[in-house]
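By convention here, the first residue in the shown sequence is residue 1.
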Amino acid sequence: MKNNSEYRVCFPEKRIFISEDHNWAFSAWEIGRQRGYIDSGAALIHIDAHVDYVDPKIEIVEITTEQEAINFGGNLGIAEFIIPAQQIGTIGNVYTISNDSVYINEGTEFKRAYTLNHFEHLYRVDWFDETEDKSVILDLDLDFFNFNYQDMYSNPVLLTEQLIRRELEYIKDSIWEWDMITVALSPDFCGGEEAGKYLFDLFLDVFDLDIRKAVPW
């Protein structure tokens, strides 16, 4: 992993797009729609330490090419990528799993659980029924596994490797059959470069990905 906000790699055969900063998820979803990985109005399962449900500061424009998608995503703030994707119709309903202290009013377009256990016990069946016959995107931010919400860049508070692996395996195999996956590395919010690389390596291992086979996007 590089300490570079422009870092973006993908595994096209597995429809997995990885970026350092989360705003690039918007671009990846647009590319996925244009390539036929997902249909418009896809359901988004957003698993993150932050809800990232922020109105964009730039005007929404029609996007017709992959380069336009990349250009637009690069101008978004790191928490501004979900709402514009809903506004242009690529994303439909958003289902967030986040322990963020930020409150968002829930409704048809935004629903929330606070932890994976909370989701599993109270929402899994309903959310699965609501997303039937829709494309489903996993959007994972690796800072989800850092429980120090106070310090950026340092002092990560992580679960044991065994528990992180178990949660990653659950996300990979036991929630939905994902049509597309986007992953944000967010090393600053993971507790720094070392913690970020550790979590990225665990993700690659659990998802059976060889970073040497990744291609830039």
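For the ring pair (Phe, Tyr, Trp, His ring centres under 6.0 Å) condition, the pairs that include at least one residue of residues 9-33, sequence neighbours left out, are F17-W217, H22-H46, H22-F81, F26-F72, W29-F81. A salt bridge (Lys or Arg N to Asp or Glu O under 4.0 Å) check over residues 170-183, counting only residues at least two apart or in different chains, returns nothing. For residues 134-145, no pair satisfies salt bridge (Lys or Arg N to Asp or Glu O under 4.0 Å), with sequence neighbours left out. A salt bridge (Lys or Arg N to Asp or Glu O under 4.0 Å) check over residues 33-46, counting only residues at least two apart or in different chains, returns the pairs E30-R33, R35-E66. Pairs engaging residues 69-79 under the salt bridge (Lys or Arg N to Asp or Glu O under 4.0 Å) rule: none recorded [sequence neighbours left out].
With a 4.5 Å cut-off on side-chain heavy atoms, D126 and R124 do not count as touching. A heavy-atom distance below 4.5 Å is found between the side chains of E20 and P187.
Comment: R165 engages E161 in a salt bridge, judged by a side-chain N to carboxylate O separation of less than 4.0 angstrom. A salt bridge is defined here as a Lys NZ or Arg NE, NH1 or NH2 lying under 4.0 Å from an Asp or Glu carboxylate O, and E6 with R8 meets this definition.
For the side chain to side chain donor-acceptor pair (under 3.5 Å) criterion with Q67, the lone passing option out of T65, N71, T64 is N71.
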Before you tell me yes or no, could you show the steps for Y153 and E193 under side chain to side chain donor-acceptor pair (under 3.5 Å), namely the whole-Å CA-CA distance, both residues' side-chain angles and the distance that decides it to 0.1 Å?
CA-CA 7 Å; Y153 320 117; E193 190 70 17; over 6 Å; no
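Ring pair F200/F203 is parallel by interplanar angle, where below 30° counts as parallel and above 60° as perpendicular.
For CD1 of I78, the number of neighbouring non-hydrogen atoms (other residues, nucleotides, ligands) closer than 6.0 Å is 12 at most.
Taken from CD1 in I91 to CD1 in I38, the straight-line distance is 5.5 Å, to the nearest 0.5 Å.
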Sequence neighbours left out, cut at 3.5 Å: what donor-acceptor pairs do the side chains of residues 51-59 make with other protein atoms?
residue, atom, partner, partner atom, Å
Y53, OH, Q86, OE1, 2.5
K57, NZ, E80, OE2, 3.1

